[in-house]
Structure formats: C-alpha cells, structure tokens
Protein chains: 2
Amino acid sequence: MLLYSHIIILFMQELISKLSIRVNSHIYLKDPETSDLGKRIVDGGIDLIDEIGFEAFTFRKLGQHIKSPEASIYRYFESKHKLLLYLMSWYWGWMEYRMVLGLTNIKSPQERLNIAITMLTEQVSQDSNFSHIDEVKLNRIVISESSKSYLTKDVDHENKEGVFSGYKSLVARVSDIVEEINPNYKYRHMLVSTVIEGAHHQRYFVEHLPKLTDVVKGEDAIVTFSLQIMINAVQGNE
Amino acid sequence: MLLYSHIIILFMQELISKLSIRVNSHIYLKDPETSDLGKRIVDGGIDLIDEIGFEAFTFRKLGQHIKSPEASIYRYFESKHKLLLYLMSWYWGWMEYRMVLGLTNIKSPQERLNIAITMLTEQVSQDSNFSHIDEVKLNRIVISESSKSYLTKDVDHENKEGVFSGYKSLVARVSDIVEEINPNYKYRHMLVSTVIEGAHHQRYFVEHLPKLTDVVKGEDAIVTFSLQIMINAVQGNE
DNA sequence: GCGAATATAATAGCATTACTATCATAATTA
DNA sequence: TAATTATGATAGTAATGCTATTATATTCGC
C-alpha cells in the first residue's frame, strides 16, 4: 500500500515536470518557455536581479550575463518591469499549483487554512519539479521586489490586461477557505493579502531592519505569527 | 473651563507651528528647512512625485516644476532616492509628534493603543500646524512609494546611518503600549509593523487592486480591520 | 536535402537620465 | 565694503532604455 502510493507520487512528479506554469500572455512579447534563449533570459534574470537588485538591473547587464545581445532580450520583454511581472506571475502560478496539490484530500477547512498559510509564509526550498527556475532565488526576489511590480502608475492598465490575475486568484482561493470557516467574517481578502505581504516584509526586516520585527529562537516566528493572526481573526468574537 | 482649554490649545498650536520636524542629517547635503529653495524642493517634490510617480520623477523635471536649475537641487539631495528618504523620515517624525500629542494624559493602555492604531491607519487630513508641507499628498506618497525607500541594496548602509530611525522609533513606541497590555506577547514589533504597512497596502489596493481587499459601506474597513487584528493578537489566548 | 521562413547575433545609434563641473551673479554676513 | 555663501546658467559625460539594420544561424515544410 505504501509502495503503491509511492509509485503514484513518482508518476505525478513525472507528470508535473512536464507541465509548465501558464503566465498571462500580455506580459511577454514572445513566450520565453518556447526557446532556449527565453529560458536563459528568465534564469539569468532571476540570477542577476537576486544579485544586484532590481534598480541596478538592466537588460544590457543581463545580456552580458547570459552572453546574448541586449536587443535579443527586447524581443521577449518590452522592459525590465515586464520581466519582473513575468517572474511574479510565474511565482504565484507555481505557488497556487503547489497549494492545490498540498490541499487535495484534506477535508477540514481549519487544516486547509493552516497548510495554505504555512506554505505562503514559510521559507521556500528548492522544487525540483519545475526544471530550470531557481525557486529559492525567486522567493528572495518576491520578498524584496514584488511590491515594485504593482506600485507604479501603470497598475490600472496592467491590471485590466490581467497581469495580476495569478496573485488575485491565489488570494481568492485562500479567502474561500476563510469563508468556509466563518462566512460572517467581513475582511477575508484583506486578511489574506495582509498576511501574505506582511510575511514577505517581515522576512526582509529580519535581514535588514531587525528593530521592526521579532526573532524567536527555535521557531519560524513569521509562520507562527501569521497563523495566529489568521486563526484569531477568523475565530474572533467581533 | 472649556474656554480656558481652548486658549491652551491655541497656544500649543502657536508653539507647534514654529517647531519643525527633525530629519536625520545623513539624508540631505544641505538642510532644506534652512532656505526658500530648500522648501520649494521639498514642496515641489511632494507635488510632482504625487502627480507622476517616483519612477518617472527626475530632478530635471523637478527643476522645471519649481523653476530652478537641476544642479541646484543636487546641492540639497544626492539623488531622488535621498529626497524620498527625506519625505518618509519627515512623515514618520510628524506622525510620532502627532501621536505623542494625541496620547498625552490618556491613562488606559487599551485606549492608547486604539488611538495610536487609528491615527496610523486612517486617511490623513491636512494639518495646518506644519506650514509648507501638504500632508495629504505626502500620505499618498507614503502609501505608494514608502516600500521603495528601504527595498534597495543600500538598506544596510543607510540603516547604519540612522536614516530609518524615525520609523523604528514610532514602531517601538507603539510596541511599548502592546507590551504594557500584554508583556507575554512575543511578536509586538512584528504586529505593529505588519499593521502599519498592511494598512498602507490595503489603501492602495482599494484604489487599484480591489480584488485583494474588502470595501464595507459606512465604515473605514481598514481602520476597523487593523484595530481588530491588534486587539485579537494582544488579547489572544496563545 | 533545399528553399523559405524565422530566430538570433552583431553592431550602431539616439533621446533621456543621473549626475558633475564651471563660472557668473545675487544675497547675506562679518 | 569686502568676503563669504547661495543660486542661476550653461555644459558636459557616462550610463540607461530603448529601436533599427544587417548578417548569420536554425528550423520547418515540402
């Protein structure tokens, strides 16, 4: 029986490794998943943004990094901002995928919420199922750069094109679990997006502005804190 | 008696209007409060960043806006990033000042926490006490640009110079109230910074990504939500 | 296997940005 | 009134954020 489920898991992994995360086509000019250069742009982009930060990152530098001309990169992405949107969108798509898998067959909504929030707020480790992308570096980029993907004057236009739908869909999915537990709670989307964004900020603060956070020995304080906030809010008396 | 306190308030306002918010001297090359041009740079900067956003904002455009040469602005601030730091630092200094005033003579720590969180999360209205700065516009800038002031590769260095001390001191002050109410709560700094940042993000979402938040008729949902999170966490059973 | 289409490389160029430098003139201060 | 200091006017430079052009690979249909 144990062996049998093990085989199923292997089969699923085989299946998953051939799947790719779908990213809204308005983000790119040419789908980077369809070519070797495209993948090198994405991988190299993750590498370089993680290393030097989004402000210092340029397509010229990326070109040097992956040994391809700057102009070739522009055939895939209009601007570095669009590349960032691509990375964020890929990340949320990947997260949602993992979450759906992690929640299958879990009946209790309380347990589902626990799993979802833990997944969203814990430190990410490498996922071998999605070949070429380094999820650990990507997670660091999400932590320090994701706000910049929507805090711009183009948000409204980009939002209309659906570039944030991956994130919104994830938030909606978790909010639905909250609703299942307590249909009277009025702020479920607020709660979920606050906890997700909050956890990212706190991870950044731990590294760079420790006075703004709390480090507790022997536990992942950010996960514990996030779970507490969620549970207290959903089961709250008000 | 009522008239007497009214006179005291007028006297205090008179006093305050002559005070100015102290900003860490590492942020500027020359204190903008000391000259007419300096004030025009700050005011015009607030105006223009609010209008076109921080990405599109340049010192050349600011020069045209305030009808002074670009090079003159560089005598006050090294870069537009430093100007942003200045604005954020001023804002937090102003907030802390208002908070201290708003909390004087309030004994109950619960009530103090309520007042502090309401102040920090509600929509800002014009404060005539601090002459030349438009606090409403500045609050919009804090909402949409403040994350960019620390999400850079220079954080650690800038943090060492004390550039973020205004924000940290405010967070510490509110965290102290939390400690007063429940000294066993382990995550007070996390809680406070999450709620402040979270409220800003939620205000942004209401305008631009409404699917990520909840709008409730007849109340300021962001303030209510923030207060609930605080109270639940501090009085939480865990 | 060959020609046609398509993708990439190599190179150039151009307007804007992010500054720095210089010098003249105005305002302040000793 | 001279000396200092602040501002204005103007220039210049390296890097950024692109677009364009042409040449060379690579892939695809037949």
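Convention: sequence-line order gives letters A, B, ...; per-chain numbering from 1.
- For dA9(C), the OP1/OP2 oxygens have a side-chain nitrogen or oxygen of Ser72(A) closer than 4.0 Å.
- Rounded to whole Å, the distance from CG on Leu62(A) to P on dA9(C) is 12 Å.
- Here dA9(C) presents its P atom at 9 Å from CD1 of Ile41(A), a figure rounded to the nearest Å.
- Taking atom OH on Tyr74(B) and atom C1' on dT10(D), their separation rounds to 16 Å, with Å as the unit.
- Taking only distance into account, the side chain of Glu70(A) meets the base of dC18(D) through a donor-acceptor pair shorter than 3.5 Å.
- Within the structure, every side-chain polar atom (N or O) of Lys80(B) is placed at least 4.0 Å from both OP1 and OP2 of dC19(C).
- Ranked by how close their nearest DNA chain D nucleotide is to the 5' end, Ala71(A) and Pro69(B) are led by Pro69(B).
- Using five terminal pairs a side, the axes of the helix from dG1(C)-dC30(D) to dA30(C)-dT1(D) at its two ends make an angle of 20°, given in steps of 10 degrees.
- For the salt bridge (charged side-chain N to carboxylate O under 4.0 Å, His left out) test, residues two or more places apart in sequence or in another chain that qualify with Lys82(B) are Glu78(B).
- For Leu37(B), the listed nucleotide lying nearest its side chain is dT7(D); candidates were dA9(C), dT7(D), dA9(D).
- Atom CD1 in Ile73(A) sits about 14 Å away from atom P in dT19(D), given to the nearest Å.
- Note: NE2 (His81(A)) to P (dC18(D)) measures 12 Å, nearest angstrom.
- Atoms CZ (Arg60(B)) and P (dA15(C)) sit 14 Å apart, rounded to a whole Å.
- Considering only side-chain atoms of Ser68(A), the nucleotide from dT8(C), dG8(D), dA9(C) that sits closest is dA9(C).
- Here the C1' atom of nucleotide dG17(D) and the OH atom of Tyr76(A) are 20 Å apart, to the nearest Å.
- The ring of Tyr91(B) has its center closer than 6.0 angstrom to the ring center of Trp94(B).
- A side-chain contact (heavy atoms from CB on, under 4.5 Å) with Phe57(B) is found for exactly one of Lys80(B), Glu51(B), His65(B), namely Lys80(B).
- Between Lys67(B) atom NZ and dA9(D) atom C1' the separation is 17 Å, expressed in whole Å.
- Side-chain nitrogen and oxygen atoms of Lys30(A) include at least one within less than 4.0 Å of the OP1 or OP2 phosphate oxygen of dT8(C).
- Each of dT16(D), dA18(C), dT7(D) was ranked by its minimum atom distance to the side chain of Arg75(B); first place goes to dT7(D).
- We find the CG-CD distance between Leu120(B) and Glu197(B) to be 11.0 Å, quoted to the nearest 0.5 Å.
- Checked by atom type, the side-chain pair Lys168(A)/Asn159(A) shows a donor-acceptor distance below 3.5 Å.
- Phe77(A) comes within contact range of no nucleotide atom at all, as no heavy-atom separation falls under 4.0 Å.
- Aromatic ring centroids of Tyr167(B) and Tyr150(B) lie 6.0 Å or more apart.
- Of the candidates dG13(C), dT17(C), dT20(C), dT17(C) carries the atom nearest the Lys61(B) side chain, counting heavy atoms from C-beta on.
- Checked against the 6.0 Å centroid criterion, the rings of His201(B) and His201(A) qualify as a close aromatic pair.
- Rounded to the nearest 0.5 Å, atoms OG1 (Thr213(B)) and CZ (Arg188(A)) are 12.0 Å apart.
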